[in-house]
Structures are given as C-alpha cells and as structure tokens.
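Please read the structure below before turning to the comments.
Every value quoted in this text rests on a predicted model; they were computed, and no experiment measured them. Side-chain atoms are counted along with the backbone in the values below, which use heavy atoms only and exclude waters and symmetry mates.
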Amino acid sequence: MKAVRVHDYHADPKIDDIPEPKLEGPLDVIVKIGGAGVCRTDLHILEGQWAAAMSPQLPYVIGHENAGWVHAVGDGVTNVSVGDTVILHPQPSCGLCLACRRGKDMQCVNAFFPGLSDNDGGMAEYLRTTARACVKLDPSTNPADVAALADAGITAYHAVRKAVPVLWPGTTAVVQGAGGLGHIGIQCLAALTATRIVVVDRNPDALELAKQIGADETVVADGSHVDAVKDLTGGEGATVVFDFVAEQGAENDAWAMTAPDGYQYVIGYGGDFSAPTLDFVANEKNVIGNIVGTYTDLAELMVLAQAGKVTLHTKQYPLDAALDALHDLDAGRVRGRAILVP
C-alpha cells in the first residue's frame with residue numbers, strides 16, 4: 001500500500017510502498033482509510049517536537065485523524081464488523097487501567113497513538129487500530145467528511161464540554177484562532193451553550209467563516225485585539241478564553257483577555273506561557289490544559305455532526321498530494337481542515 005512516512009526530522013516525508021498492516025491480536029481492527037486529516041501536529045512532528053515524548057522508530061507513517069471502513073477484525077471483536085463505517089479515537093486505550101475505568105481514555109497508561117508514537121498512522125490506505133477506538137457511523141457517512149473530527153473535533157469538543165457549566169447566558173467566550181480546531185470549537189459552543197461567542201483571528205477569511213457558523217462578534221488580531229475584547233466585555237475580559245493558537249505570544253494574549261475568576265483553556269501549543277503569580281492570586285484566574293478527549297466525547301460529537309450541528313470545512317487532496325497538503329497548511333492556505341483521500 002501507499003503511505004506517507006517520516007524518514008528524517010526537519011525534512012518532507014516521503015510517499016512509500018509498504019506492506020499492509022496485519023491483525024496482531026484478538027481485539028485488533030484493520031480499517032480501510034476513507035479520509036485522513038492533516039493536522040498542525042503533523043507539522044510539529046516533522047519539526048521533531050514529539051520525538052522525545054513519543055520516541056518513534058523512523059521511518060513511520062503519520063496521520064492521527066482517521067475514518068474509513070472496517071476491513072478485518074480480530075477474533076475477539078464484537079462491536080464492529082467488516083464493512084462498517086467508523087471514525088477512530090486517535091488514542092486506543094486498554095480499558096483496564098484506573099484512568100480507563102474512570103473514562104479518561106487519553107490518560108490510559110497502556111495507550112498508543114498511531115501517527116505519533118511507534119505505531120503507524122492513517123496517512124495510508126490501511127491502518128491497524130483496536131476495537132476500543134472504533135465509533136460506528138451511519139453507513140451513509142462519507143469518512144472524508146468527518147475524519148478530522150477524530151482529533152481536531154474531539155479536542156475542541158472536549159475543551160468546550162468541560163467549560164459548559166460556567167458558560168450560562170450572559171457570559172462571553174472568546175475563541176482565539178478560527179482555523180482547523182477553532183472553527184469546530186465555535187460550532188460546539190453554539191450547539192452546547194447560550195454564551196456570547198467572540199472570535200479573534202488575524203485572517204479576514206477565517207473571521208468571515210466564523211460569522212457564518214456561530215460567532216456573535218469577530219475581532220481582527222492586529223495588535224489591538226486584547227483591548228477590543230476588553231471593550232466588548234465592559235473592561236472585564238471573557239469568562240472563558242479558548243486558545244487554539246498558544247504560540248507567538250497568543251498564549252499571553254489569552255491570559256490578558258480572561259476575566260477575573262475566568263478560565264483560560266490552552267488547546268494549541270508551541271509557545272511559552274508566563275504570568276505573575278500575583279495575577280493568579282488576586283484575580284483567581286484558572287489555566288486549564290487539554291489533550292484530545294474521551295471516547296464518549298467523540299461519540300457525542302458524532303451525534304452533533306450527523307445532526308448537521310457541527311460541520312467540517314475541508315479541502316481534499318489525494319494521498320499522492322500529501323506534501324502539497326502539508327505545505328498549504330504550513331503556509332496558511334487551508335481554511336478549515338485539509339483531508340487526504342487514498
């Protein structure tokens with residue numbers, strides 16, 4: 001099969017011909033990929049940012065936002081059958097550790113992460129995963145239309161879902177960054193809360209899309225955006241700021257836009273956050289990190305997606321054009337999400 005593999009960091013991946021994956025255990029599932037999302041994390045992988053954390057053996061196949069059709073199942077699989085349409089939780093978990101028993105799939109002590117760790121991902125024709133990672137979809141669903149919900153979607157939904165209890169009517173939520181994750185977060189906020197949604201982005205096209213999918217106000221990130229958010233909130237700042245950027249100073253802008261007793265959700269990464277400890281104490285602000293989401297987060301998100309309440313704005317590329325997709329994402333030429341279709 002054809003697959004997109006990292007051979008060296010700080011270099012483009014290559015499209016190789018490699019053997020198809022095989023079933024290795026009774027709970028394994030082989031999925032024929034129908035769509036694989038291209039994520040900014042893939043760019044960070046190529047930069048070597050995940051090398052120390054995940055220690056993958058090179059070369060390996062990237063791609064952690066995957067959907068498709070069940071191609072083969074192990075002897076112990078009962079929840080899906082060959083031919084089923086599925087979207088895959090990006091981090092298969094064991095189901096037996098304490099984190100799994102608590103429903104915290106992303107903190108499973110025995111988890112693996114296809115496309116990041118020493119396990120091949122889904123920028124290929126086939127992928128090996130496990131039964132626990134499979135969420136069965138309506139057979140009419142096109143996997144390419146939903147693939148990016150497997151990571152971008154679940155990550156955005158997970159953050160919004162945690163913030164729902166404090167986003168009652170009369171509050172304000174700021175979404176910083178209306179790209180691949182942020183445009184999903186906007187729709188999740190509109191579907192789950194009655195908060196006022198303010199979107200901050202430097203790209204006018206991204207702000208125009210934000211207006212179409214649920215933003216009540218938009219602010220251009222032109223250096224005066226922190227003051228603009230303060231003006232929109234009576235000088236206080238937002239109850240919750242969802243930072244889908246979190247680099248190049250945006251992480252500290254998010255802190256400045258957060259109201260006293262408010263919440264800064266850090267979803268993007270790459271920067272360095274710092275704030276005086278007195279600000280934490282005097283203003284009782286909260287900073288909360290987010291990584292992927294739970295299996296139930298993905299299942300709930302798919303209910304919203306199949307009801308048309310959350311839709312992905314995508315640009316599709318054939319698998320052979322994976323380098324074009326990665327370069328377009330890096331250059332900011334993708335509105336929404338780039339999807340590879342084998």
- Please determine if Lys2 and Asp16 form a salt bridge, counting it only when a charged side-chain N lies under 4.0 Å from a carboxylate O. no

- Message: My understanding is that a hydrophobic cluster links ILVMFWY residues whose side chain heavy atoms are under 4.5 Å apart, including indirect links. Using that, what else belongs to the cluster containing Leu232?
- Response: Val174, Val198, Val200, Val219, Val226, Val229, Val241, Met257

- Message: To the closest 0.5 Å, what do you measure between OG1 (Thr172) and CZ (Arg196)?
- Response: 4.0 Å

- Item | Residue pair Thr41 / Tyr269, side-chain donor-acceptor N/O under 3.5 Å | yes

- Item | Residues clustering with Ile339 (ILVMFWY side chains joined when closer than 4.5 Å, directly or via others) | Val341

- Task: Identify whether Ile33 and Leu312 are in the same connected component of the hydrophobic contact network (ILVMFWY, side-chain heavy atoms under 4.5 Å).
- Result: no

- Item | Heavy-atom donor-acceptor pair, Arg40 side chain to Leu329 backbone, under 3.5 Å | yes

- Message: Could you see if Ile154 belongs to whatever hydrophobic cluster contains Leu88? Use Ile, Leu, Val, Met, Phe, Trp, Tyr and a side-chain cutoff under 4.5 Å.
- Response: no

- Query: Looking only at heavy atoms, which two atoms of Pro90 and Ala150 are closest? And how far apart?
  - Reply: CD-O, 2.9 Å

- Query: Is Gln49 reaching over with its side chain to a backbone N or O of Ile45, donor-acceptor style, under 3.5 angstrom?
  - Reply: no

- Query: For the side chain of Asp201 and the backbone of Ala206, is there at least one donor-acceptor N/O pair under 3.5 Å apart?
  - Reply: no

- Query: Just by distance, do the side chain of Gln187 and the backbone of Gly185 share a donor-acceptor pair under 3.5 Å?
  - Reply: no

- Query: Between Cys39 and Asp151, what is the shortest heavy-atom contact and its length?
  - Reply: SG-OD2, 3.9 Å

- Sidechain-backbone polar pair: Thr195 side chain, Thr171 backbone, donor-acceptor under 3.5 Å: yes

- Query: Can you get from Val240 to Val266 by hopping between Ile, Leu, Val, Met, Phe, Trp and Tyr side chains that sit under 4.5 Å apart?
  - Reply: no

- Task: Please name the pair of heavy atoms, one in Asp243 and one in Ala246, separated by the smallest distance, quoted to 0.1 Å.
- Result: OD1-N, 2.9 Å

- Side chains of His89 and Asp105: is there a donor and an acceptor less than 3.5 Å apart? no

Quiz: residues 277-284 side-chain donor-acceptor pairs under 3.5 angstrom, not counting sequence neighbours:
none

- Query: Between Lys136 and Asn79, which heavy-atom pair has the shortest distance, and what is it?
  - Reply: NZ-O, 4.0 Å

- Message: Under a 3.5 Å threshold, yes or no: a donor from one side chain and an acceptor from the other, between Asn290 and His158?
- Response: no

- Say whether, by atom type as modelled, one donor and one acceptor occur between the side chain of Asn66 and the main chain of Gly37 under 3.5 angstrom. no

- Taking the inter-plane angle between the rings of Tyr265 and Tyr263 on a 0 to 90° scale, is it parallel (under 30°), tilted (30 to 60°) or perpendicular (over 60°)? tilted

- Query: Do His64 side-chain atoms and Pro114 backbone N/O form a donor-acceptor pair below 3.5 Å?
  - Reply: no

- Query: Closest heavy-atom contact between Gly83 and Trp69?
  - Reply: O-CD1, 4.2 Å

